[in-house]
**Q** 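Before I ask anything, let me first share the structure, which is written out below as structure tokens.
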Amino acid sequence: MREIPYWKIDSNLHKGTMSVPEMRKMLGLGKTDSYWLAHKGKFKVYEIDGKFRIDVASFEEWYANQIKYCKVDGPPPGEQLRKNSLSIRDISEMLDLSESRVYEIFQRDGVETILFDYCKRVPTENFWNWYNGQSRYRTKEDRERDRELEESSIWLPDAARMLGIGRKELYKLIYGKANHGTFEVIVVAERKRVTKESFYAWYENQNEYRILTEEERRERELAIKKEEQSTKAESEHSTQNRRQLWSERTYTLREPKNPRFYSMDEIVEFYGFRRATVLGWISKGVVPAVKAGRAYRISREEFDRWLEKNSTGDEIESAESFADETESPENI
């Protein structure tokens with residue numbers, strides 16, 4: 001057993017200490033385990049008249065900051081530890097998530113943890129800093145409060161569905177200058193919602209929009225679904241045509257007016273790409289180009305090299321999708 005320093009004090013100063021057998025009885029330990037714990041240096045141990053005595057104050061401080069040992073008859077351990085940190089199990093119960101999910105979230109979000117008795121714990125301050133910086137995961141109390149907010153508000157996509165309009169139109173309606181300050185928008189569980197009070201107050205004072213019946217909403221959604229299917233079919237057909245043009249490009253390639261550069265119109269005409277797609281490539285740096293006045297000039301050598309490198313056409317389709325991506329003005 002390793003040696004540790006003991007504080008030798010006057011034999012008359014027994015007050016504020018207890019013997020190892022007393023600690024053993026208090027924690028319900030065996031003789032060997034109790035002396036092993038005393039020698040670990042977790043709390044102060046004095047040597048008085050050749051016998052070990054444990055400083056009660058330091059023992060209680062240690063007891064309040066650990067959860068492994070529990071008194072047979074007394075308060076539960078770890079009172080101070082629980083004030084300063086939370087276990088993964090505590091957090092999973094608070095947020096109604098599995099422990100594995102909590103681990104994943106904290107690893108993803110970079111929440112700092114500490115290792116205590118071979119178990120990870122999260123300092124209380126770190127947890128609340130993370131919690132207050134997001135609104136997706138909620139405690140039971142906040143879920144109850146969120147439920148009240150949800151009952152008194154409308155999710156923006158639902159509001160658009162009620163009026164039979166698209167989300168973009170709803171966004172313009174809510175955030176446009178004409179209705180500035182009319183709608184009260186709140187965020188609940190990372191979703192934007194408009195309060196029912198402000199929504200219906202606006203509705204009663206306008207005559208351009210009306211709330212659709214449930215049957216009208218279903219009919220509209222069915223029409224939108226058919227339109228999306230038609231658009232998808234057209235897109236697939238367009239993709240097939242582009243791939244056909246691509247596969248035949250070595251036979252249909254035409255010379256640009258300028259032997260060094262392609263114009264925008266020439267790329268659109270030669271290869272069947274949309275003008276907006278090519279502009280997207282240029283703005284995102286997929287295709288190098290220089291601006292001459294108000295028009296773009298694309299290096300023929302570099303563009304042909306890029307086409308040759310992506311010879312299957314799949315990479316071009318991916319780049320086209322990448323160029324076509326546009327961020328909505330607001331995530332509604």
Side-chain angles (χ1 to χ4, degrees), residues 96 134-138 142-245 268 272-280 283-284 314 316-332:
D96 194 24
Q134 56 83 47
S135 60
R136 181 174 182 180
Y137 306 102
R138 315 297 286 164
D142 283 345
R143 286 197 298 271
E144 289 294 331
R145 187 185 66 190
D146 289 351
R147 191 172 294 112
E148 295 176 0
L149 291 173
E150 287 175 353
E151 290 174 355
S152 63
S153 61
I154 307 168
W155 186 30
L156 295 193
D158 286 343
R161 181 172 176 266
M162 288 170 62
L163 298 175
I165 60 177
R167 296 188 187 185
K168 288 185 178 180
E169 184 176 350
L170 179 74
Y171 173 84
K172 292 178 181 178
L173 181 66
I174 290 178
Y175 293 100
K177 292 182 180 179
N179 293 312
H180 180 70
T182 301
F183 296 95
E184 182 183 358
V185 178
I186 60 176
V187 179
V188 181
E190 295 187 345
R191 287 184 167 185
K192 290 189 175 181
R193 307 177 68 90
V194 58
T195 62
K196 290 181 178 179
E197 183 180 1
S198 66
F199 178 82
Y200 287 113
W202 160 82
Y203 185 76
E204 294 297 329
N205 289 282
Q206 59 83 42
N207 54 20
E208 183 178 354
Y209 299 91
R210 69 179 183 87
I211 296 177
L212 304 182
T213 64
E214 191 62 35
E215 184 178 353
E216 288 174 325
R217 294 175 197 173
R218 285 196 295 267
E219 290 177 355
R220 180 179 179 275
E221 289 170 0
L222 182 60
I224 291 174
K225 187 175 181 180
K226 288 182 178 178
E227 184 179 348
E228 288 175 347
Q229 290 174 343
S230 175
T231 302
K232 182 179 180 182
E234 290 177 2
S235 177
E236 290 175 351
H237 181 68
S238 177
T239 299
Q240 290 175 356
N241 287 342
R242 287 198 302 274
R243 286 183 170 177
Q244 183 66 22
L245 284 170
V268 171
F273 297 124
R274 290 175 296 159
R275 187 180 184 86
T277 297
V278 180
L279 285 172
S283 65
K284 294 179 182 295
D314 293 335
I316 293 179
E317 183 181 348
S318 175
E320 186 172 22
S321 299
F322 175 71
D324 289 344
E325 289 176 357
T326 56
E327 296 181 359
S328 61
E330 190 74 24
N331 179 17
I332 66 173

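Just the heavy atoms: all of them, side chains too, but no hydrogens, waters or symmetry mates, feed the values below. When a residue number appears, it is its place in the shown sequence, counting from 1.
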**Q** CD/Glu144 to CG/Asp146 distance, rounded to the nearest 0.5 angstrom?
**A**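 CG of Asp146 is found 9.5 Å from CD of Glu144.
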**Q** Would you compute the distance between atom CZ of Arg191 and atom OG of Ser135 and round it to the nearest 0.5 angstrom?
**A** 11.0 Å
**Q** Considering non-hydrogen atoms only, spot the tightest contact between Ile211 and Arg217 and give its length.
**A**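 Heavy-atom minimum between the residues: CG2-NH2, 3.4 Å.
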**Q** Could you work out, with side chain to side chain contact (heavy atoms under 4.5 Å, CB included) as the rule, every residue matching Arg220, not counting sequence neighbours?
**A**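 Arg220: side chain to side chain contact (heavy atoms under 4.5 Å, CB included) contacts with Leu212, Ile224.
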**Q** Quick check: closest heavy atoms across Val194 and Ala159, and the distance to 0.1 Å?
**A** CG1-CB, 4.5 Å
**Q** Nearest 0.5 Å please: distance from the CD atom of Glu219 over to the CD atom of Glu215.
**A** 5.0 Å
**Q** Looking only at non-hydrogen atoms, find the nearest pair between Gly166 and Ala160 and report the distance.
**A**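 Here Gly166 and Ala160 meet closest at O-CB, 4.1 Å.
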**Q** Quick one: does any side-chain atom of Arg193 pair with a main-chain N or O of Glu150 as donor and acceptor, under 3.5 Å?
**A** yes
**Q** Tell me if the CD atom of Glu214 is crowded by more than 12 foreign heavy atoms within 6.0 Å.
**A** yes
**Q** Taking all non-hydrogen atoms of both residues, which atom of Arg138 and which atom of Arg143 are closest, and how far apart?
**A** O-NH1, 2.6 Å
**Q** Does the plane of the ring in Tyr203 sit parallel, tilted or perpendicular to the ring in Tyr200? Use 30° and 60° as the thresholds.
**A**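 Perpendicular, since the angle between the ring planes exceeds 60°.
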**Q** Take Leu163 and Phe199, measure what side chain to side chain contact (heavy atoms under 4.5 Å, CB included) needs, and give me the verdict at the end.
**A** CA-CA 11 Å; Leu163 298 175; Phe199 178 82; 4.1 Å; yes
**Q** Shortest non-hydrogen contact from Asn179 to Leu173?
**A** ND2-O, 2.9 Å
**Q** Roughly how far, to the nearest 0.5 Å, is CG of Asn207 from CG of Asn205?
**A** 10.0 Å
**Q** Okay, side chain of Ser152, backbone of Glu148: is any donor-acceptor separation there less than 3.5 Å?
**A** yes
**Q** Could you report the tightest heavy-atom contact between Val185 and Tyr175, atom names first, then the distance?
**A**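 So the minimum-distance heavy-atom pair works out to CG1-OH, 3.6 Å.
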**Q** Between Arg145 and Asp142, does the salt bridge (Lys or Arg N to Asp or Glu O under 4.0 Å) criterion hold? Intermediate values first, please.
**A** CA-CA 5 Å; Arg145 187 185 66 190; Asp142 283 345; 3.6 Å; yes
**Q** Got a sec, which pairs hit salt bridge (Lys or Arg N to Asp or Glu O under 4.0 Å) with one end in residues 197-212, sequence neighbours left out?
**A**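 Passing the test, one end in residues 197-212: Arg210-Glu216.
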